[in-house]
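Contents: one structure, followed by commentary.
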Amino acid sequence: MRNILLLASLWAAAAAHAATDLAAAADIVKANGCYSCHSVAEKIVGPAFSSVAEKYAGDKDAVATLAQSIQMGSKGKWGRAAMPAHSSLSAQDLKLLASWVLSAKP
Ligand code: HEC
């Protein structure tokens, strides 16, 4: 029982940390193959993350919009290539990824 409680509190601490730590997002990006279609500064198959940040600068709904695009996939916003859905990512990871993309600088 004590072990379970300890694990639960460790997990909660890790989750709280991840929510505020954009560096954790960089690992999620790597782990999910985002870099096979994206880079920070250049267009590959998908737009450069810095271009996405530029386009959505000042848009207060940007985190929600991008989280949804990553989760459900996206097409028609940037060109003819489509982004597939990433439906296994948690809501927390999606939000973190969206915030990280919005912070990208060329
Ligand atoms: C198979 C290639 C591919 C992969 C893998 C991929 N993307 Fe994309 N991504 C694209 C394309 C193509 C677009 C442009 C879609 C469009 O025009 O609407 C895009 C668009 C985006 C956008 C902008 C969406 C918008 O609403 O303007 C974001 C943010 C993004 N990708 C993040 C990610 C993240 C984070 C991952 C990894 C979890 C990822 N992408 C993986 C191809 C990919």
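Ligands are counted one by one from 1 in listed order, and the atoms in each one are counted from 1 as well. Keep in mind it's a predicted model, so treat the numbers as computed, not measured.
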Heavy-atom distance under 4.5 Å between the side chains of D93 and N32, does that happen here?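 Heavy-atom side-chain distance check fails, nothing below 4.5 Å.
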Would you say that S69 contacts K77 through its side chain, given a criterion of any heavy-atom pair below 4.5 Å between the two side chains?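 The answer is yes; the side chains approach within 4.5 Å.
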Aromatic rings W100 and Y35: how do their planes relate, parallel, tilted or perpendicular, breaks at 30° and 60°? perpendicular
Answer yes or no: does an N/O atom from [X] fall short of 3.5 Å to an N/O atom of ligand 1?
X	result
H38	yes
T65	no
K77	yes

Give me the residue, atom name and distance of the protein heavy atom closest to [atom].
atom	value
atom 37 (C) of ligand 1	C34 SG, 1.8 Å
atom 41 (C) of ligand 1	H86 CE1, 3.4 Å
atom 15 (C) of ligand 1	S74 O, 3.5 Å
atom 27 (O) of ligand 1	Y56 OH, 2.6 Å
atom 13 (C) of ligand 1	P47 CD, 3.5 Å
atom 17 (O) of ligand 1	W78 N, 2.6 Å
atom 2 (C) of ligand 1	C37 SG, 1.9 Å
atom 32 (C) of ligand 1	F49 CE2, 3.5 Å

Short list, please: which atoms of ligand 1 are under 4.0 Å from a heavy atom of [X]?
X	result
V45	12 (C)
G33	5 (C)
K75	16 (C), 18 (O)
A82	12 (C)
G79	17 (O)

Pick one of side chain, backbone, both or neither for how [X] approaches ligand 1, counting any non-hydrogen atom pair under 4.0 Å.
X	answer
A98	neither
S69	side chain
K55	neither

Got a donor-acceptor contact below 3.5 angstrom from the S50 side chain to the A104 backbone?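 Looks like no, no N/O pair under 3.5 Å.
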Please confirm whether the backbone N or O of M72 pairs with a side-chain atom of H86, one donor and one acceptor, at under 3.5 Å?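 Side chain of H86 to backbone of M72: no pair is present.
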Just how far is it from atom [atom1] of [X] to atom [atom2] of [Y], taken to the nearest 0.5 Å?
X	Y	atom1	atom2	result
L97	Q92	CG	CD	10.5 Å
Q68	L66	CD	CG	10.0 Å
L94	S99	CG	OG	10.5 Å

Taking 2.8 Å as the cut-off, does an N/O/S atom of M83 lie below it from atom 8 (Fe) of ligand 1?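 Of the N, O and S atoms in M83, at least one lies under 2.8 Å from atom 8 (Fe) of ligand 1, which means yes.
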Of all the heavy-atom pairs spanning S36 and G33, show the shortest one and how long it is. OG-O, 2.6 Å
Atom of A67, atom of K95 and distance for their closest heavy-atom approach: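 Closest approach of A67 to K95: CB-N, 4.4 Å.
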More than 12 heavy atoms of other groups within 6.0 Å of K75 NZ: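 At most 12 heavy atoms, drawn from other residues, nucleotides or ligands, come within 6.0 Å of this atom.
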Check for me whether V29 has a heavy atom closer than 4.0 Å to any atom of ligand 1.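 So V29 does not count as touching ligand 1.
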Given the rule in the side-chain contact (heavy atoms from CB on, under 4.5 Å) test, do Q71 and L89 qualify, once you have shown the distances and angles that lead to the verdict? CA-CA 7 Å; Q71 181 181 32; L89 288 165; over 6 Å; no
cation_pi(K43, W78) dist<6.0 Å, angle<=45: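 No, a cation-pi geometry is absent between K43 and W78.
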